[in-house]
Amino acid sequence: MSEKILMLGNEAIARGAYEAGVKVSAAYPGTPSTEISESLVKYDGVYAEWSPNEKVAMEVAIGASISGVRAMASMKHVGVNVAADPLYSVSYAGVTGGLVLVAADDPGLYSSQNEQDTRAVARAAQLPVLEPSDSQEAKDFMKFAFDMSEKYDTPVIVRTTTRLSHSQGLVELGERVEREPVPYERKAGKYVMMPGNAKVRHGVVVERTKKMIEDGCSFPINKVEYNDRSIGFITSGIPYQYVKEALPNASVLKLGMVNPLPRKLIEEFASQVDKLYVVEELDPIIEEQVKSWGIPVIGKEIFTLEGEYSANLLREAVLGQDLDLDEEAKVPARPPIFCPGCPHRSVYYVMNKLKIHAAGDIGCYTLGSLAPLSVVDTTICMGSGISSLHGMEKARGKEFIKNWVAVIGDSTFLHTGINSLMNMVYNQATGTVVILDNSTTGMTGHQDHAATGKTLKGEPTYAINIAALCRSIGIEHVVEVNAFDLKEVERVLKEEVARDAISVVITKSPCVLLTKPAVKKYCVAEPEKCKKCGLCLKPGCPAMAKNEDGTISIDDTMCNGCGLCVSLCRHDAIKEVQE
């Protein structure tokens with residue numbers, strides 16, 4: 001009997017790729033996709049890397065596929081935007097070895113700046129999309145995707161969502177199937193995407209799509225479940241689980257391939273039920289196509305375009321049951337706040353004191369927009385902080401940005417920030433960029449990157465020197481400073497923001513969750529010395545609290561001993577102690 005184990009959806013995706021014989025995997029960490037690569041790297045026979053960004057990851061996978069092996073790239077939905085340039089082109093070019101992109105969407109915005117639906121991107125790029133509903137299917141669909149990729153000469157997108165990525169299910173393990181690389185053959189007409197070749201390849205894509213629409217009607221991943229035929233549902237992915245929970249006796253067409261749609265199969269199912277619903281999270285991708293064929297369906301007129309669905313949501317929308325939809329969400333809230341001891345807190349405290357505005361970026365440091373620090377004014381996408389500051393200066397002049405900086409993390413700086421900084425140099429800008437270097441990709445769970453000195457496998461490698469990199473592109477004023485040295489951070493920021501030039505300030509201190517000192521330090525308040533000035537509370541450390549009498553107390557189970565409060569207290573009412 002084969003072994004069955006509990007697996008996260010992301011772990012199952014990695015297992016499916018492994019069993020399918022994948023040779024190369026490239027990714028940039030982004031919730032909810034991160035655990036795919038972290039799981040895949042543990043398997044022998046697979047090369048897995050963190051790439052500096054999603055575009056590079058996609059191109060690495062494309063190159064591996066062209067060389068003749070099975071390859072994949074993994075990223076979150078907004079990462080697909082970064083990878084869009086090579087993705088749209090490789091749709092025309094096709095594959096040699098199977099090529100799969102795993103794109104993890106985030107309905108509900110648990111860790112993202114938008115609810116973008118990857119299926120819409122796939123339609124524009126004319127790429128097939130598979131969508132599993134549980135961990136077992138996540139593994140099986142990956143194997144199907146690689147076979148499909150090679151059969152139809154196309155990259156295949158496997159779309160997941162946060163709920164699938166981070167929920168567990170039983171998975172039956174199989175053996176890895178080793179595949180010999182396809183012998184390389186030069187095919188310039190296929191892989192050189194200049195206009196003359198691309199015109200020909202576009203025709204191939206059109207015919208390929210027609211074939212998949214026809215064949216999809218018999219794909220085993222598209223399943224019809226006839227029960228009560230008075231009501232039917234077309235659905236896919238995690239919403240299938242909600243349909244089965246809310247209306248277990250209804251008939252269901254469960255689509256494993258959500259682009260292109262198997263039209264004849266859908267028309268046949270629609271003819272067999274009296275009332276038809278389309279249940280899909282986010283955009284009405286399936287609904288609009290089905291309606292365009294003249295099939296009457298009920299969809300977004302009763303279901304929301306926003307957020308995650310649930311069984312209760314379906315019961316209320318379809319059955320009209322008056323349910324408290326908030327009951328499911330009544331769990332203790334975790335406020336968005338920096339961890340105790342976070343080095344970003346001290347830097348933002350100084351910025352707030354100096355009344356500096358920050359053009360922000362994607363990462364833990366985005367939380368600097370919230371009270372009591374309230375420093376970050378803008379956050380658009382990865383790498384945008386530096387470009388936004390540049391745009392402000394060009395639009396309104398140097399005087400406008402005299403109390404502005406751009407803030408960006410070390411991983412995000414290498415992702416796309418470096419391009420924006422080069423643009424500032426090239427276009428003779430003025431402005432200060434603060435790189436908050438905490439030696440990790442913090443927001444997604446402490447992954448290494450090109451400046452940490454370790455690969456995804458944990459192997460030592462060259463660590464890019466960020467300060468030297470900034471100097472190498474022509475920036476004369478580059479200063480490194482300890483993030484917890486408040487006086488020096490203040491002095492440096494005052495000096496650099498006042499410059500009539502480009503300057504870079506690198507605040508250095510590792511993420512507190514990475515450092516494990518041999519002896520734990522923490523801070524202790526001495527209420528009898530406290531003057532109730534509240535200065536130590538201004539940075540908003542969650543380990544600190546104001547007592548009823550106005551003095552402060554520190555939760556030693558939360559305190560990480562960073563010493564920020566000690567340095568702020570003018571009355572010697574807080575001291576550092578060791579366990």
Side-chain angles (χ1 to χ4, degrees), residues 27-34 50-59 73-88 101-122 124-125 161-162 282-283 306 336 344 357-370 375-395 401 404-424 427 429 431 433-438 440-445 447 449-450:
Y28 181 82
T31 306
S33 70
T34 306
W50 290 132
S51 303
N53 64 37
E54 294 87 355
K55 177 179 185 290
V56 173
M58 192 72 236
E59 290 160 351
S74 306
M75 58 198 67
K76 67 183 296 175
H77 61 300
V78 287
V80 176
N81 300 331
V82 182
D85 200 0
L87 181 65
Y88 275 68
L101 167 63
V102 182
D105 287 4
D106 190 19
L109 293 167
Y110 289 100
S111 57
S112 309
Q113 63 267 40
N114 65 44
E115 287 186 293
Q116 172 184 315
D117 193 324
T118 296
R119 296 175 302 165
V121 177
T161 60
T162 302
L282 302 182
D283 297 339
E306 304 169 48
H344 302 334
H357 298 262
D361 228 292
I362 302 295
C364 298
Y365 41 88
T366 308
L367 297 173
S369 65
L370 304 176
V375 170
V376 175
D377 284 18
T378 71
T379 298
I380 309 301
C381 64
M382 296 282 280
S384 66
I386 299 174
S387 302
S388 297
L389 182 70
H390 175 71
M392 292 174 186
E393 191 255 350
K394 294 304 181 185
I401 64 162
W404 278 79
V405 298
V407 295
I408 192 167
D410 45 327
S411 180
T412 306
F413 177 72
L414 297 173
H415 178 279
T416 35
I418 181 62
N419 307 89
S420 301
L421 191 58
M422 287 190 291
N423 186 53
M424 287 184 72
N427 287 298
V433 173
V434 180
I435 301 175
L436 302 163
D437 185 355
N438 64 355
T440 191
T441 312
M443 181 69 86
T444 53
Q447 289 76 35
H449 57 69

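Hydrogens, waters and symmetry mates are skipped; everything else that's a heavy atom, side chains included, is used.
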Query - Minimum-distance pair of heavy atoms, taken over all atoms of Q447 and T440 - result: O-OG1, 3.4 Å
**Report entry** Nearest-0.5 Å distance, CG of residue L414 to OH of residue Y28
**Finding:** 8.5 Å
Query raised in the report: Closest heavy-atom contact between H77 and N114?
Result: NE2-O, 2.9 Å
Query raised in the report: Got a second to check how far S411's OG is from I435's CD1, nearest 0.5 Å?
Result: 12.0 Å
Report task. Answer yes or no: is there a side-chain heavy-atom contact under 4.5 Å between H390 and S420? Result -> no
Query raised in the report: With sequence neighbours left out, which residue pairs that include part of residues 101-114 fulfil the salt bridge (Lys or Arg N to Asp or Glu O under 4.0 Å) condition?
Result: D105-R159
Query raised in the report: If you measure from CG on D361 to CZ on F413, what distance do you get to the nearest 0.5 Å?
Result: 11.0 Å
Query raised in the report: Would you call H344 and N438 a side-chain contact if the rule is heavy atoms closer than 4.5 Å?
Result: yes
**Report entry** Minimum heavy-atom distance Y88-A124, with the two atoms named
**Finding:** OH-CB, 3.3 Å
Query raised in the report: Taking atom CD of Q116 and atom CG of L282, what is their separation to the nearest 0.5 Å?
Result: 10.0 Å
Requested in this report: For residues V376 and Y365, determine if any side-chain heavy atom of one lies less than 4.5 Å from a side-chain heavy atom of the other.
Outcome: no
Requested in this report: Check the pair T378, M392 against side-chain contact (heavy atoms from CB on, under 4.5 Å), reporting the backbone distance first and the verdict last.
Outcome: CA-CA 12 Å; T378 71; M392 292 174 186; 4.1 Å; yes
Query raised in the report: Residues in salt bridge (Lys or Arg N to Asp or Glu O under 4.0 Å) with E393, at least two apart?
Result: none
Query raised in the report: For the atom pair CH2 (W404) and CG (L389), what is the distance rounded to the nearest 0.5 Å?
Result: 8.0 Å
Query raised in the report: Are the side chains of I362 and Q113 in touch, meaning some heavy atoms are under 4.5 Å apart?
Result: yes
Query - Shortest non-hydrogen contact between I408 and G383, atoms and distance - result: CD1-CA, 4.1 Å
